[in-house]
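Below is one structure, written out as structure tokens, with a few remarks after it.
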Amino acid sequence: MSRPPLDPCSVYPEVSGLPCPDYRLPTTEPMPPAHRRKALDELKAYETRQKANFLGYQANQKLDFAGELSEYLDFHVNNIGDPFVSGNFTVNSKVLERAVLDYYAKLWNAKLPSISQSDPNKPPKFTQDPESYWGYVLTMGSSEGNIYGLWNARDYLAGKFLLPDTDDRPAGDGKPHATETRLTYRQAPLPADNPNAFSPVCFYSQDTHYSIVKFMRVLAIDTFYAVGTARYPGQCPLPRSGGVWPQEVPSIDNEDGPGSIDTVALSSLVSFFADKGHPILLSLNYGTTFKGAYDDVEAAFAAIKPALQRNGLLERKVHYDPQRPDKFDIRTGYWIHVDGALGAAYMPFVEMAYDQGHMKQRGPNFDFRLPCVMSIVMSGHKWVGAPWPCGVYMTKVKYQLLPPDDPAYITGSPDTTFSGSRNGFSAIILWDYLARTSYAQEIKKALYTNGIAAYAEEQLRELEKRLKMDLWVKRSPLSLTVRFRGVKKALITKYSLSGEGYTVRGMDYVYNHVYAMESATRERIDQFIAELEHTPDAFPPNPTPHVAPQTVVATTPESPARVFVPLTGRGFR
Ligand SMILES: *Cc1c(COP(=O)(O)O)cnc(C)c1O
């Protein structure tokens with residue numbers, strides 16, 4: 001047993017209301033019941049207070065599950081493996097999970113039911129339907145769906161495939177053999193005419209969630225910045241770039257704009273790499289984390305389509321084996337992933353409200369109505385509201401990396417999800433919410449939250465007039481967040497405000513935002529505005545001169561910069 005040379009409580013951050021020593025865990029005896037009770041009471045008081053003032057993240061704190069569902073805290077419900085395969089861990093909630101997935105498949109205009117496994121024991125009409133959806137309920141939030149979607153995209157574009165393992169060891173060699181059917185993960189041979197055919201290049205905007213950026217490193221996916229800087233230095237085609245590659249695709253008007261991707265810039269960046277034969281991986285945002293902006297998925301695809309077309313990337317043959325010209329997949333040479341953490345759950349109801357004449361505008365299309373969309377991800381704890389992170393990932397069967405649909409190759413691969421064990425309670429939570437909530441109620445909720453966002457913007461603008469101070473108030477179209485000049489630390493902590501900074505012309509600008517989730521009310525906005533008005537120095541000096549960190553090691557061809565890694569901002573802080 002190790003002994004700390006100094007008290008950990010002297011090192012860790014102090015949290016008002018939760019004194020660190022009260023939570024120090026005993027080793028020899030259990031904590032005395034009264035002590036444990038006090039600690040739990042303090043925790044409850046703390047969480048209750050913070051929840052009551054919560055305004056700064058897109059997490060809905062209006063939850064109503066404890067009454068009927070808390071009994072499941074005494075069950076270990078685990079949806080390990082594919083949602084559509086029963087498996088042997090029978091304490092699961094896959095029946096509810098499939099109902100939740102069907103709900104979102106309908107909402108996102110996908111084809112259902114999902115028929116992803118070619119099962120030789122089922123009648124022919126139930127064998128694999130490539131156009132049907134496939135997906136699963138995530139154990140993490142959208143971050144997991146992002147890494148899963150990008151992984152699938154990378155392998156699909158890189159010409160990876162799965163084949164049954166033909167065990168070619170001589171029978172009877174006396175060594176144990178695996179009895180189960182296994183798959184091997186293989187690489188299609190490179191076509192002679194294009195050395196870049198299986199080297200996908202990834203594009204995403206400067207407003208993209210930090211999880212996407214991180215997964216470039218986890219998955220070793222090359223961004224256009226990495227490839228451009230290493231192989232085509234000085235050749236960036238963007239006007240006014242001086243040939244220098246930006247780290248990410250610019251958003252419209254960069255830091256000052258609404259936060260959606262600049263499709264004109266995207267078009268020229270993608271053209272450059274498509275013309276060199278690279279397949280294109282495009283990750284779009286449907287509700288950016290900080291500004292809540294919606295990328296126009298349809299316009300983005302229209303902008304890159306000519307380049308895909310002239311380079312044979314709309315559709316291409318991926319051969320498995322040079323000796324077997326009849327064995328190939330037809331795949332696209334591009335993949336569009338839609339990160340719809342909040343927007344994919346919220347905007348369908350904005351569209352319905354618009355169609356019924358309750359709203360003046362709606363957002364751009366983003367779902368499987370657009371044939372160019374390969375994968376969508378959504379967080380369950382954001383729009384819906386859940387006690388822990390969860391979400392939904394969805395794609396189509398035809399984009400899954402499955403063994404080819406050939407009777408000789410038929411085999412179900414149930415390990416189709418990112419993690420092994422999966423949270424089966426999350427599926428129960430989502431199912432219960434959806435069972436209690438009609439489309440009409442969701443439309444009402446969309447109108448309510450949209451109204452709160454409009455109210456917050458209006459009240460901040462009124463405050464601006466009273467304080468005679470520019471508060472930099474901005475709300476992107478249909479966004480549930482309003483951003484404004486950064487506030488002092490005590491207010492950030494009290495209201496759990498997320499923040500973001502921009503460096504413009506040598507100055508650092510710090511912003512905070514509020515999110516109009518269902519749990520936000522006019523009273524809470526009023527209280528927040530009153531505190532902004534009456535707290536001395538509510539708005540600390542801002543902007544401040546940018547201090548560039550010292551160069552530790554210069555970027556050289558031998559030590560190239562590969563991915564820009566944000567440490568603060570993007571809703572992370
Ligand atoms: C919140 C968010 C994520 C990550 O979702 P988690 O549920 O936190 O994993 C990804 N993308 C966007 C745009 C988000 O807003």
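Sequential numbering from 1 along the given sequence is applied to the chain's residues. As the structure lists them, so they are numbered: ligands from 1, and atoms in each ligand from 1.
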Listed by chain and number, what are the side chain to side chain donor-acceptor pair (under 3.5 Å) partners of E518, not counting sequence neighbours?
N60, K445

Main-chain N/O of N423 paired with T139 side-chain donor or acceptor, under 3.5 Å
yes

Does the ring center of F203 lie less than 6.0 Å from the ring center of W245?
no

Could you check, using the six-membered ring where one of them is a Trp, whether Y334 and F301 have ring centers closer than 6.0 angstrom?
yes

Determine, stepwise, if the pair H209 / D339 fulfils side chain to side chain donor-acceptor pair (under 3.5 Å).
CA-CA 9 Å; H209 190 258; D339 178 356; 5.1 Å; no

Side-chain donor/acceptor of D82 to backbone N/O of T416, under 3.5 Å
no

Give every pair formed by an N or O atom of ligand 1 and a protein N or O atom closer than 3.5 Å, one pair per line with both atom names and the distance to 0.1 Å, or write none.
{"unit_1": "ligand 1", "atom_1": "5 (O)", "unit_2": "S142", "atom_2": "N", "d": "3.4"}
{"unit_1": "ligand 1", "atom_1": "5 (O)", "unit_2": "S379", "atom_2": "OG", "d": "3.4"}
{"unit_1": "ligand 1", "atom_1": "7 (O)", "unit_2": "S142", "atom_2": "N", "d": "3.0"}
{"unit_1": "ligand 1", "atom_1": "7 (O)", "unit_2": "S379", "atom_2": "OG", "d": "2.8"}
{"unit_1": "ligand 1", "atom_1": "7 (O)", "unit_2": "H381", "atom_2": "NE2", "d": "3.1"}
{"unit_1": "ligand 1", "atom_1": "9 (O)", "unit_2": "S142", "atom_2": "N", "d": "3.2"}
{"unit_1": "ligand 1", "atom_1": "9 (O)", "unit_2": "S143", "atom_2": "N", "d": "2.9"}
{"unit_1": "ligand 1", "atom_1": "9 (O)", "unit_2": "S143", "atom_2": "OG", "d": "2.6"}
{"unit_1": "ligand 1", "atom_1": "11 (N)", "unit_2": "D339", "atom_2": "OD1", "d": "3.0"}
{"unit_1": "ligand 1", "atom_1": "11 (N)", "unit_2": "D339", "atom_2": "OD2", "d": "2.6"}
{"unit_1": "ligand 1", "atom_1": "15 (O)", "unit_2": "Q58", "atom_2": "NE2", "d": "3.2"}
{"unit_1": "ligand 1", "atom_1": "15 (O)", "unit_2": "T289", "atom_2": "OG1", "d": "3.1"}
{"unit_1": "ligand 1", "atom_1": "15 (O)", "unit_2": "K382", "atom_2": "NZ", "d": "3.0"}

